[in-house]
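Presented below is the structure to which this report refers.
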Amino acid sequence: MEKRTGFIGGGNMAEAIIKGLLAGGVPAAELAVSEPSEPRRKQLAERYGVQVLSDNVALCRMSDTVILAVKPQVASQVLSHLEATPDKLFISIMAGVKSAAIEGMLGAGVRVVRVMPNTPALVLEGASAIARGYNATEDDLVLARRIFDLVGTTCVVEEKLLDAVTGVSGSGPAYVLTFIEALSDAGVKHGLTRDVATALAAQTVYGTAKLLLESHEHPAVLKSNVASPGGTTIAAMHSLDRDGFRAATINAVDVCVARSKELGEK
């Protein structure tokens with residue numbers, strides 16, 4: 001990358017990106033983090049060897065690319081003090097804050113790319129959707145993808161679709177974890193220990209996802225390979241359909257997308 005990348009906010013997602021950049025060969029000397037918590041600054045410095053400071057303005061001045069990793073509720077408070085110039089790229093992972101709003105806070109001509117990552121980025125297995133703002137270039141998209149490909153996989157979408165992304169992958173880990181927990185509970189109900197039931201459930205989800213991604217088959221095809229005629233799986237699938245499993249999942253995404261749009265309008 002050969003240019004300094006600065007993070008405003010040193011939370012879990014920022015740490016995941018730092019971890020990915022370092023694993024991808026970016027020198028720690030090219031990374032800096034502005035973080036208000038002194039214990040957290042010390043932790044990041046000791047763990048990764050990156051430069052840490054408490055001054056967002058100074059961080060912005062010294063960085064070519066600035067990753068905005070603060071909570072959306074404080075976006076206006078944080079961004080209004082920054083000195084933004086068209087030669088800097090701002091990458092926002094703030095949920096719900098539109099690029100036009102960020103451009104309005106930072107000033108005319110500023111280049112903004114929005115990214116919706118998810119928590120599996122913490123283990124370098126994230127799913128991130130990327131959308132560019134009005135002034136961002138194709139090169140800016142390439143750079144954003146290079147960064148977030150280091151913590152998982154990426155795709156480029158129109159910004160208007162980021163609410164849908166939030167509903168599917170942004171909040172998706174919570175749905176999957178609820179499913180794993182329920183599957184584990186069922187195993188315990190039928191005599192398995194909690195450790196064994198959770199390990200089996202989690203590995204089944206992980207392995208099935210890997211099989212789907214690597215086979216490039218439609219989920220229905222792989223599902224039919226498991227459900228033999230008159231067998232146990234098809235009986236279980238009938239029960240899931242009868243109890244509204246599929247509809248409940250779609251409804252959950254619907255309300256998540258609606259809430260994301262509502263937050264973006266505030």
Side-chain angles (χ1 to χ4, degrees), residues 1 3-21 30-45 47-48 50-119 121-122 126 128-136 140 143-144 147-148 151 159 162-163 165-166 170 259-266:
M1 289 167 53
K3 292 184 177 182
R4 186 180 295 276
T5 299
F7 294 78
I8 295 182
N12 288 335
M13 196 59 70
E15 182 176 2
I17 301 167
I18 290 168
K19 182 178 176 182
L21 289 171
E30 294 180 8
L31 303 176
V33 184
S34 177
E35 163 61 39
S37 167
E38 184 177 356
R40 181 59 171 165
R41 290 198 302 271
K42 183 178 179 181
Q43 184 182 58
L44 291 171
R47 188 174 292 174
Y48 301 106
V50 298
Q51 182 177 353
V52 294
L53 57 160
S54 60
D55 188 336
N56 293 337
V57 174
L59 184 283
C60 187
R61 286 174 181 165
M62 66 191 295
S63 303
D64 302 285
T65 299
V66 179
I67 297 181
L68 302 171
V70 298
K71 295 184 183 301
Q73 299 93 313
V74 300
S76 178
Q77 176 186 342
V78 172
L79 271 59
S80 62
H81 297 291
L82 299 182
E83 297 177 2
T85 55
D87 62 310
K88 295 182 186 296
L89 171 63
F90 289 84
I91 298 176
S92 170
I93 61 172
M94 300 183 296
V97 184
K98 293 182 172 59
S99 61
I102 297 171
E103 291 161 1
M105 295 179 217
L106 292 175
V110 70
R111 292 152 48 217
V112 176
V113 171
R114 280 186 65 194
V115 182
M116 173 54 67
N118 63 6
T119 54
L122 293 169
S128 301
I130 299 172
R132 67 176 177 176
Y134 183 78
N135 300 305
D140 293 335
L143 176 58
I147 291 172
F148 285 87
V151 294
E159 185 174 7
L162 285 182
D163 292 316
V165 170
T166 299
R259 181 58 176 159
S260 179
K261 290 180 178 178
E262 181 183 327
L263 290 172
E265 292 170 356
K266 290 185 177 181

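Panel note: side chain Asn135, backbone Val110; a donor-acceptor pair is recorded below 3.5 Å. With hydrogens and angles disregarded, a donor-acceptor distance shorter than 3.5 Å links the side chain of Lys88 to the backbone of Cys60. With hydrogens and angles disregarded, no donor-acceptor distance shorter than 3.5 Å links the side chain of Arg114 to the backbone of Ile130. In this structure, Glu35 contributes its side chain and Gly10 its backbone to a donor-acceptor pair below 3.5 Å. Within the 3.5 Å criterion, the main-chain N or O of Pro86 finds a donor-acceptor partner in the side chain of Arg111. Side-chain N or O atoms of Arg40 include none that pairs as donor or acceptor with a backbone N or O of Gly9 at under 3.5 Å.
Considering every non-hydrogen atom in both Ala121 and Ala16, the closest pair reads O-CB, 3.4 Å. Minimum heavy-atom separation, Ser54 to Ser34: C-OG, 3.7 Å. Looking at every heavy atom in both residues, Ala69 comes nearest to Ala14 through CB-CB, 4.1 Å. Closest of all the heavy-atom pairs between Ala136 and Asp140 is CA-OD2, 3.4 Å. For the pair Val113 and Ala144, the tightest heavy-atom approach, listed with the atom from each and the gap, is CG1-CB, 3.9 Å. Shortest non-hydrogen contact noted between Ala32 and Leu53 is CB-CD2, 4.4 Å.
Taken to the nearest 0.5 Å, the OG1 atom of Thr5 stands 10.0 Å off from the CD1 atom of Ile18. Atom CE in Met116 sits 8.5 Å away from atom OG in Ser92 (nearest 0.5 Å). The structure places NE2 of His81 at 12.0 Å from CG of Leu106, a figure rounded to the nearest 0.5 Å. Rounding to the nearest 0.5 angstrom, the gap separating the CG atom in Asn12 from the OG1 atom in Thr119 is 9.5 Å. In this structure, CE in Met94 is found 14.0 Å from CE in Met13, a value given to the nearest 0.5 Å. With rounding to the nearest 0.5 angstrom, the CG atom of Leu44 is 10.0 Å from the CZ atom of Phe7.
In this structure the side chain of Leu89 reaches within 4.5 angstrom of the side chain of Leu143, judged on heavy atoms. When side chains are defined from C-beta on, Glu103 does not count as touching Phe90, because their heavy atoms never get closer than 4.5 Å. Side-chain contact between Glu83 and Arg61 is present, with heavy atoms from C-beta onward closer than 4.5 Å. Under the 4.5 Å side-chain criterion, counting only non-hydrogen atoms from C-beta, Leu68 is in contact with Ile102. Residues Leu31 and Gln51 form no side-chain contact, since every pair of their non-hydrogen atoms from C-beta on lies 4.5 Å or further apart. Considering only heavy atoms from C-beta on, Phe148 comes within 4.5 Å of Ile93 through its side chain. Residues Ile8 and Leu82 have side chains in contact (heavy-atom distance under 4.5 Å, counting atoms from C-beta outward). Put simply, the side chain of Ile91 reaches to within 4.5 Å of the side chain of Val115, judged on heavy atoms.
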Practice problem: Any chance you could lay out the side-chain hydrogen bond (donor to acceptor under 3.5 Å, both in side chains) test for Glu159 and Ser99, step after step, and finish with the verdict? | Solution: CA-CA 8 Å; Glu159 185 174 7; Ser99 61; 2.6 Å; yes
Practice problem: For the pair Met62 and Arg4, evaluate side chain to side chain contact (heavy atoms under 4.5 Å, CB included) and give the outcome as yes or no after the intermediate values. | Solution: CA-CA 7 Å; Met62 66 191 295; Arg4 186 180 295 276; 3.7 Å; yes
Practice problem: List the steps, then state whether side chain to side chain contact (heavy atoms under 4.5 Å, CB included) holds for Met105 with Ser80. | Solution: CA-CA 6 Å; Met105 295 179 217; Ser80 62; 5.9 Å; no
